[in-house]
Amino acid sequence: MTTWPRLLLAPALLVGLAIVVLGGVAVARPADRALVALLVVAVVLLVLASLLAGLSVGSVLAGRREVDDVVSSQSRLLADVFSFETATVLLTTDVAGAITRVNVGAETVLGRPERALVGSTPEVFLDEAELATWALAMRIEPTFAAVAHGLVANEQQQPLDWPYLRPDGERRLLSMTISEFGDEHGDVTGFLIAGRDVTDQARGIDLGTDQFVASVSHELRTPMASILGYAEMLQEELADQPESAALRDFVERIDRNGNRMLTLIQNLLTLTRVEAADLQLQPEEVDLRALVSSAYDDLKAGLADRQLDLSLRLPPESVVHQADPRLVADAVSHLLANAAKFTPDGGRVVVSLRTNGKTSRIVVSDTGLGIAQTDQEQLFDRFFRSHQPEVQQAPGSGLGLAIVRASVVAHGGSVTFDSELGRGSTFIIELPVRLPSSITAGLAVAPPSMSA
């Protein structure tokens with residue numbers, strides 16, 4: 001006999017006994033028949049209530065058994081997946097982010113044994129900068145638990161590519177999803193991480209993307225130059241026509257935005273060629289003093305409507321270098337443009353040049369927004385832009401600093417920076433006076449010599 005029928009047996013016997021007793025009373029004392037009838041009705045209602053209660057208890061117990069069966073089934077399924085899936089990273093954590101379970105795939109891919117993972121948090125292998133970037137974007141604490149809660153709350157269901165570090169220091173890429181799981185009451189009890197290493201695939205995609213970008217950029221450059229040529233002709237035609245003021249404004253916008261597009265195309269070509277080691281330097285004997293002064297003058301001319309304190313500090317004599325003047329000039333111009341763009345009116349931008357005869361330093365410093373610590377590791381990555389609202393609102397492609405680094409490294413130099421959020425930034429380009437032999441040996445044509 002099942003549980004809930006047993007629950008009904010005692011009330012049923014009690015009701016039967018009451019009816020028999022009351023029936024005897026009615027026969028023995030006819031005067032009390034009305035009272036007996038009322039008592040019989042009350043007893044019948046009591047038995048109906050007992051039946052309903054018994055049915056409810058039975059339903060609850062049956063439902064509980066179903067829930068227990070589902071939970072048990074899910075637990076067995078999870079155990080099977082953890083036991084047999086070796087190519088996928090599977091981790092479970094509690095609500096605080098502490099790892100509670102790992103599979104063989106996690107040990108293999110992450111390069112860490114189970115004993116080193118269980119009890120720790122995913123921060124032991126996930127890239128801290130990536131975690132901090134997500135936390136900054138969602139304005140939450142930079143912990144795995146907080147970020148996981150935020151991603152689930154925002155219904156982020158697509159796999160995310162997370163950089164991770166193996167114990168030997170190798171940096172790789174994990175495409176993973178984060179989902180929550182709970183108990184039979186619907187309360188969240190932890191998170192499930194499922195992911196695969198996609199480092200090799202990403203490298204292949206990057207190479208194909210670079211080739212595609214280079215091809216498209218090259219094809220766009222010619223028609224864009226043609227558009228700008230016709231825009232310049234229209235500007236000349238309309239210069240002496242006062243009645244065509246509105247048309248002149250349209251043409252000026254075409255020219256301005258066309259030049260921005262041409263600059264972007266040129267930047268893409270430069271970057272892809274440098275990173276593919278396909279950029280042939282055209283070194284000359286270059287006076288860095290004149291080059292930096294020219295870049296400063298160009299910046300100053302474009303900031304006539306700004307209230308910035310601009311300062312140029314140069315040595316009294318020429319600073320002759322063996323370098324590609326276009327690449328070095330572009331690098332300096334990018335740094336100056338960024339300094340001016342992210343320094344509000346009333347701030348200061350200083351550019352200086354120093355040399356010791358073997359190397360020279362071009363220093364660009366400002367009192368602008370500064371760079372958040374969480375953004376600094378990715379600062380030179382292609383297309384990276386800070387999550388700071390002021391940066392997001394400013395126009396830009398995220399290519400400038402990547403080009404600066406690529407151009408400087410192509411000369412055997414280095415670029416470093418020091419920055420603090422809210423206090424400004426200082427960027428330093430250091431270039432050798434003579435190109436290293438490892439670079440000149442790879443040039444198709446020996447660098448021409450020019451008198452300073």
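- Each side-chain hydrogen bond (donor to acceptor under 3.5 Å, both in side chains) pair with one or both residues in residues 408-417, not counting sequence neighbours, would appear here, but there are none.
- Under a 3.5 Å cut-off, the side chain of Thr121 and the backbone N or O of Gly97 do not form any donor-acceptor pair.
- Distance alone, capped at 3.5 Å, places no donor-acceptor pair between the Glu180 side chain and the Val188 backbone.
- Between the side chain of Thr355 and the backbone N or O of Thr359 there is at least one donor-acceptor pair closer than 3.5 Å.
- Side-chain atoms of Arg166 come within 3.5 Å of backbone N or O of Val109 as a donor-acceptor pair.
- Ser294 OG to Leu299 CG: the interatomic distance, rounded to the nearest 0.5 Å, is 11.5 Å.
- The two atoms that bring Gly370 and Ser425 nearest to each other are CA-OG, 3.7 Å, heavy atoms only.
- Using a 4.5 Å heavy-atom threshold, the side chains of Glu107 and Arg112 count as separate.
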request  = Show your reasoning for whether side chain to side chain contact (heavy atoms under 4.5 Å, CB included) applies to Leu288 and Val328.
outcome  = CA-CA 9 Å; Leu288 283 191; Val328 176; 4.0 Å; yes
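- Taking CG of Leu117 as the reference point, atom CZ of Arg101 lies at 14.0 Å (rounded to 0.5 Å).
- In this structure, CG in Asp366 is found 10.0 Å from CG in Leu335, a value given to the nearest 0.5 Å.
- Arg306 contributes a side-chain N or O that, together with a main-chain N or O of Ala340, makes up a donor-acceptor pair within less than 3.5 Å.
- Side chain of Asn103 to main chain of Thr88: a donor-acceptor pair is present (N/O by atom type, distance under 3.5 Å, no hydrogens or angles).
- No more than 12 heavy atoms of other residues, nucleotides or ligands shown are found within 6.0 angstrom of CZ on Phe250.
- Taking a 6.0 Å sphere around CZ of Arg423, one finds it holds 12 or fewer heavy atoms contributed by other residues, nucleotides or ligands.
- Ring geometry, Phe427 versus Phe417: the interplanar angle falls under 30°, so the pair is classed parallel (tilted spans 30 to 60°).
- Leu90 and Ala194 make their closest contact through CD2-CB, 3.7 Å (heavy atoms, listed as atom of the first residue, atom of the second, distance).
- With a 6.0 Å radius and a threshold of 12 heavy atoms from other residues, nucleotides or ligands, Arg348 has its CZ atom at or below the threshold.
- Residues Arg171 and Tyr164 are not in side-chain contact: their nearest non-hydrogen atoms beyond the backbone lie 4.5 Å or more apart.
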